[in-house]
Amino acid sequence: MMVEEQMIGSLAGRIQQELATLSRYSATEKGVTRLPFTKEAEDALVCLEKMMREAGLSTCRDGSGALHGFLPGKSDKLFIIGSHYDSVVEGGAYDGIAGVVCGIEIARHFSPNTLPFTLEIVAFNDEEGVRFGGGFLSSKALLGELKPAELKNYCDADGLSCYEAMQRSGYDPEKISEDAWSVENIVGFLEIHIEQGARLYQAGLPIGLVTGIVGMRRFDIELTGRADHAGTTPMNMRADALTAAAAFILTAQKAAKERAAPDVVATVGVCEVRPGTVNTVPASVHLTLDVRSLDAAVRDEVVAECFAALRKAAAENDLTVKTQEKLTVAPVKMDEMLMARLSEAMTEEDISYMALASGAGHDALPIARRLPAAMLFVPSRDGRSHCPEEYSEPEDFARAVQVAIHMLEDWSEAL
Ligand code: GLV
Ligand code: MN
Ligand code: MN
């Protein structure tokens with residue numbers, strides 16, 4: 001076996017083991033469920049802290065529940081590598097956390113004070129936004145874009161706000177942005193992540209170079225009508241909240257499908273009906289809407305069409321509508337200079353890759369608006385993600401790590 005293959009093999013073995021260890025920090029047996037500010041999130045952080053220290057990094061936590069590992073370089077300028085350690089409900093063992101593990105492996109390769117900049121490896125908290133409806137909690141806090149009072153508007157299914165959940169976990173929400181980065185001190189950001197789609201897998205390519213990330217808008221919607229007897233209330237005397245919800249859901253699908261842009265997608269992922277019984281007219285419905293596109297104008301057209309349909313159906317059914325926009329992020333392009341450096345490293349490593357845009361959100365999305373940012377994708381088997389079946393080959397992560405190391409070494413030599 002060639003030395004290079006042996007290196008990839010042992011790196012892949014370690015990454016696989018680390019990911020298997022971390023996958024045990026889950027609230028469910030089925031897949032991985034690691035929501036922000038829970039016991040399993042805290043346990044995963046303790047484990048990551050240990051892994052970072054063993055790799056030679058000094059560590060600290062910030063006010064948002066992110067973990068940072070540092071490898072000092074020849075200057076205080078920072079190159080940051082990271083991804084998130086939270087997961088969706090019954091998700092996989094790779095989304096987010098694999099990028100943190102890869103970051104640790106990149107840092108492990110270097111000796112202190114050899115790179116021209118300090119390496120900072122970050123495990124971001126609450127990228128997914130599934131518990132409180134927001135997302136990008138740590139990345140936005142580190143960019144200084146979150147105000148403590150906002151955290152009171154984000155509530156979980158039990159009505160507990162992110163502000164309160166932080167207090168219960170021993171964090172002071174008033175200090176969420178106290179550890180914000182000085183962005184002028186950062187030379188670049190890299191996130192390694194699974195593709196979560198099937199393009200690389202179908203093409204049989206080990207790496208994707210991300211060109212841009214879709215812009216997203218997320219909403220919480222509350223439709224309120226009136227509970228009535230399902231047997232005795234004539235159809236024209238009802239205020240049925242679910243009927244309007246159905247019109248809204250179908251419009252979301254139609255509006256996105258009709259657009260020429262293939263990257264535009266609309267999803268209603270939550271539909272909670274109250275009282276939710278067979279013989280009562282639905283009194284209220286809680287819905288969510290998630291709309292994405294690389295073109296912000298197309299995304300906004302779809303959103304407008306959905307809400308026009310909702311208002312019409314609400315008026316016809318005598319309902320009141322309350323909506324809250326929980327997340328708005330503009331589409332971004334990745335940094336040309338970092339992409340060129342990564343592309344060169346892959347050419348020198350003789351690795352074939354594909355340039356592609358991301359339909360999934362990533363911490364790199366808010367970060368790329370403020371810093372030079374790049375992403376490498378690793379293929380997802382059958383394109384599956386946000387489910388327990390999610391799987392990527394450890395060798396592909398090892399290759400992405402090798403590419404990042406190669407890029408950092410070339411960059412150092414050029415300075
Ligand atoms: C995060 O994975 C998202 O794209 O919703
Ligand atoms: Mn995800
Ligand atoms: Mn992710």
Side-chain angles (χ1 to χ4, degrees), residues 19 22-23 26 28 31-36 41 44 48 66 81-103 122-140 154 189-200 208 210 212-220 252 256 263-270 288-294 299 325-332 356-368 373-380 383-392 397 400:
L19 287 173
L22 285 157
S23 71
S26 168
T28 53
V32 174
T33 304
R34 192 165 47 238
L35 301 187
L48 282 168
I81 304 173
S83 194
H84 59 100
Y85 70 92
D86 64 310
S87 79
V88 295
V89 173
E90 296 185 354
Y94 301 83
D95 179 1
I97 195 81
V100 183
V101 164
C102 287
V122 187
F124 296 98
N125 191 17
D126 195 13
E127 182 268 353
E128 299 283 5
V130 294
R131 180 170 177 193
F132 304 107
F136 307 114
L137 184 83
S138 290
S139 37
K140 284 184 153 187
Y154 292 93
F189 172 80
L190 173 68
E191 180 165 7
I192 295 175
H193 201 282
I194 55 170
E195 182 200 338
Q196 309 184 276
R199 291 177 61 193
L200 293 172
V210 178
I213 308 177
V214 290
M216 309 161 60
R217 291 178 73 182
R218 284 184 180 166
F219 298 84
D220 237 7
D263 64 277
V264 60
V265 287
T267 306
V268 177
V270 171
T288 57
L289 176 68
D290 174 312
V291 184
R292 311 178 185 204
S293 174
L294 282 167
R299 176 201 63 184
E325 185 147 5
K326 301 281 255 192
L327 181 75
T328 316
V329 210
V332 290
L356 76 180
S358 174
H362 301 288
D363 291 296
L365 176 55
I367 291 174
M375 286 194 79
L376 288 178
F377 273 170
V378 163
S380 294
R384 304 289 311 280
S385 178
H386 279 190
C387 56
E389 290 78 11
E390 187 175 274
Y391 179 78
S392 293
F397 289 120

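In listed order, ligands and their atoms are each counted from 1. Heavy atoms only: backbone and side chains are in, while hydrogens, waters and symmetry mates are out.
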Do [X] side-chain atoms and [Y] backbone N/O form a donor-acceptor pair below 3.5 Å?
{"X": "Arg292", "Y": "Gly359", "answer": "yes"}
{"X": "Ser138", "Y": "Asn125", "answer": "yes"}
{"X": "Thr267", "Y": "Gly269", "answer": "no"}
{"X": "Ser83", "Y": "Ile97", "answer": "no"}
{"X": "Tyr154", "Y": "Lys326", "answer": "yes"}
{"X": "Glu390", "Y": "Tyr94", "answer": "yes"}
{"X": "Gln196", "Y": "Gly383", "answer": "no"}
{"X": "Asp220", "Y": "Thr288", "answer": "no"}

(message) Does this structure show an ion pair linking Arg34 with Asp86, if we count only N-O contacts that are shorter than 4.0 Å?
(response)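 Looking at Asp86 together with Arg34, the answer is no, because their closest N to O distance does not fall below 4.0 Å.
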(request) Would you check ligand 1 and list the protein residues that come within less than 4.0 Å of it by any heavy atom, ordered by chain and number? (result)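 Under the 4.0 Å cut-off, ligand 1 touches Glu127, Glu128, Arg218, Arg292, Ala360, Gly361, His386.
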(message) So, at under 2.8 Å, which protein N, O or S atoms would a careful student list around the Mn ion (ligand 3)?
(response)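 Listed by chain and number: His84 NE2, Asp95 OD1, His193 NE2.
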